[in-house]
Trainee: 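Just dropping this structure here.
Reckoned from all heavy atoms, side chains included, excluding hydrogens, waters and symmetry mates.
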Amino acid sequence: GDNSSCSGCTDQYADNYDETATIDDGSCAGYPDNGDYSLEFDGDDDWVDLGDILNDLYMPTTIQVSFNFDGEYSPLIQTDNADNGPDSYYSGYKIFANSTFLEIAYGDGTGAGSDDRRTAMASNLLLEEGIWYEITAVFRGPTDMDIYLDGNELEVTYSGTGGNLSFSSNHFKIGTVQHFTYSPSYLTGGIDELKVWNTALLSEELSDNNDDYLVGYWNFNAGSGNTL
């Protein structure tokens with residue numbers, strides 16, 4: 001009938017795209033590989049919009065991304081990145097980098113202050129401009145998060161008193177972040193592979209090509225123009 005639905009690959013850029021599918025079942029495969037590339041961001045108005053995805057990515061979860069940057073406070077990813085407005089509250093997960101610290105956080109969707117988020121920070125670092133690094137963020141709970149830098153676990157401190165993790169219809173974005181009435185921040189640097197798992201990876205699993213529980217993977221080697 002008119003209300004029937006079927007599952008399959010809904011991404012028209014995949015080799016196994018099914019134009020009759022109404023529900024994506026995660027089977028999309030066969031993307032073109034244009035070589036080993038990464039994304040570059042100019043720190044002005046560059047970002048990538050992945051759309052309204054992964055809105056059921058409840059903890060535990062792991063997010064891993066390779067990046068380089070100019071050493072300034074830089075947004076790498078935010079899973080619920082709002083435009084300026086009243087709904088621009090802390091929601092979903094986010095990862096920031098600075099020359100002396102790495103910061104990961106999640107929001108409860110009720111505001112844009114420290115009482116609306118939970119944050120883990122690894123401090124006393126010395127990250128150099130233009131060098132490629134890999135950060136892995138593991139989220140289990142308010143004071144149970146891990147930060148790995150190039151596979152090495154870092155000591156973290158916690159801040160914020162936010163409630164339960166919340167998601168919104170705001171889009172998953174790379175290279176920018178914006179909350180409430182603050183001006184957006186942009187990354188000056190590069191982003192390579194981005195991976196998301198709906199489990200808490202252990203340290204010994206980070207170096208493996210672990211596809212178990214993998215719910216998102218972008219290597220940015222496929223696409224043309226404004227489409228990845």
Side-chain angles (χ1 to χ4, degrees), residues 2-14 17-19 21-28 39 41 45-65 74-96 103-119 137-142 145 160-187 191 194-199 213-218 220 223 226-228:
D2 292 339
N3 294 324
S4 64
S5 62
C6 63
S7 61
C9 176
T10 61
D11 188 345
Q12 62 179 319
Y13 296 101
Y17 168 61
D18 183 353
E19 63 180 9
T22 58
I23 300 173
D24 195 289
D25 63 0
S27 66
C28 295
L39 303 179
F41 300 83
D45 57 359
D46 284 350
W47 73 88
V48 173
D49 187 335
L50 296 180
D52 180 20
I53 61 171
L54 300 180
N55 283 330
D56 57 353
L57 190 65
Y58 291 98
M59 292 179 279
T61 191
T62 302
I63 302 174
Q64 183 180 83
V65 60
S74 300
L76 303 181
I77 66 99
Q78 184 172 7
T79 64
D80 285 61
N81 194 324
D83 295 326
N84 205 341
D87 64 341
S88 302
Y89 295 148
Y90 290 137
S91 296
Y93 304 98
K94 66 175 182 177
I95 302 177
F96 278 91
E103 178 182 281
I104 67 176
Y106 68 85
D108 64 11
T110 61
S114 62
D115 56 347
D116 307 302
R117 59 166 172 78
R118 294 283 186 160
T119 300
V138 182
F139 300 87
R140 301 185 195 86
M145 298 182 245
T161 57
N164 294 329
L165 171 66
S166 174
F167 296 100
S168 72
S169 60
N170 296 320
H171 289 191
F172 189 139
K173 294 183 181 179
I174 303 172
T176 185
V177 68
Q178 184 170 11
H179 291 304
F180 204 43
T181 58
Y182 303 109
S183 298
S185 299
Y186 297 104
L187 168 67
I191 295 287
L194 169 63
K195 296 181 178 181
V196 182
W197 294 265
N198 62 348
T199 189
Y213 303 100
L214 186 68
V215 295
Y217 174 45
W218 297 266
F220 310 118
N226 292 327
T227 303
L228 293 173

Trainee: Only counting residues at least two apart or in another chain, list the ones meeting side-chain contact (heavy atoms from CB on, under 4.5 Å) with D115.
Mentor: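 D115 satisfies side-chain contact (heavy atoms from CB on, under 4.5 Å) with T161 once adjacent residues are dropped.
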Trainee: Rounded to the nearest 0.5 Å, how far apart are CG of L187 and CG of L76?
Mentor: 6.0 Å
Trainee: Applying ring-ring contact (aromatic ring centres under 6.0 Å, His included), name anything that partners Y93, two or more places apart in sequence or on another chain.
Mentor: F139
Trainee: Check whether any side-chain N or O of S91 sits under 3.5 Å from a backbone N or O of G107 as a donor-acceptor pair, and report yes or no.
Mentor: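 No: the side chain of S91 does not pair with the backbone of G107.
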Trainee: Using the test side chain to side chain donor-acceptor pair (under 3.5 Å), find all partners of N164 that sit at least two apart in sequence or belong to another chain.
Mentor: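 Scan of N164 (side chain to side chain donor-acceptor pair (under 3.5 Å), adjacent residues dropped) gives none.
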Trainee: Contact between W218 and I174 at the side-chain level, heavy atoms closer than 4.5 Å - yes or no?
Mentor: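 In short, these two side chains do not touch, never coming nearer than 4.5 Å.
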Trainee: Does W197 offer a backbone N or O that forms a donor-acceptor pair with the side chain of T61 under 3.5 Å?
Mentor: yes
Trainee: Can you name the side chain to side chain donor-acceptor pair (under 3.5 Å) partners of T110, sequence neighbours left out?
Mentor: D108, D116
Trainee: Quick one: are Y106 and S166 in side-chain contact, heavy atoms under 4.5 Å?
Mentor: no
Trainee: Sequence neighbours excluded, which residues qualify as side-chain contact (heavy atoms from CB on, under 4.5 Å) partners of S185?
Mentor: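 P75, V177.
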Trainee: In sequence, state the C-alpha distance, the side-chain angles, and the governing distance for L194 and I63, and then conclude on side-chain contact (heavy atoms from CB on, under 4.5 Å).
Mentor: CA-CA 7 Å; L194 169 63; I63 302 174; 4.0 Å; yes
Trainee: Any heavy-atom pair between the side chains of F172 and I77 that's under 4.5 Å?
Mentor: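 SC-SC contact between I77 and F172 confirmed.
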Trainee: Atom OH of Y90 and atom CD of Q78: how far apart are they, to the nearest 0.5 Å?
Mentor: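 Result: 9.0 Å between the selected atoms.
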Trainee: Please round to the nearest 0.5 Å and tell me the distance separating atom CG of D80 and atom NE2 of H171.
Mentor: 10.0 Å
Trainee: Pair up each side-chain donor or acceptor in residues 51-59 with any protein partner under 3.5 Å, not counting sequence neighbours, and list the distances.
Mentor:
from	atom 1	to	atom 2	distance (Å)
D52	OD1	N55	ND2	2.3
N55	ND2	S168	O	3.2

Trainee: According to side chain to side chain donor-acceptor pair (under 3.5 Å), who are the partners of Y213, at least two apart in sequence or on a separate chain?
Mentor: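 So Y213 forms no side chain to side chain donor-acceptor pair (under 3.5 Å) with any residue.
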Trainee: Working to the nearest 0.5 angstrom, can you tell me the gap between Y89 OH and N170 CG?
Mentor: 11.5 Å
Trainee: For T119, check side chain to side chain donor-acceptor pair (under 3.5 Å) against everything at least two apart and list the hits.
Mentor: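 Side chain to side chain donor-acceptor pair (under 3.5 Å) list for T119, sorted by chain: R117.
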Trainee: To the closest 0.5 Å, what do you measure between CE (M145) and CD (E103)?
Mentor: 10.0 Å
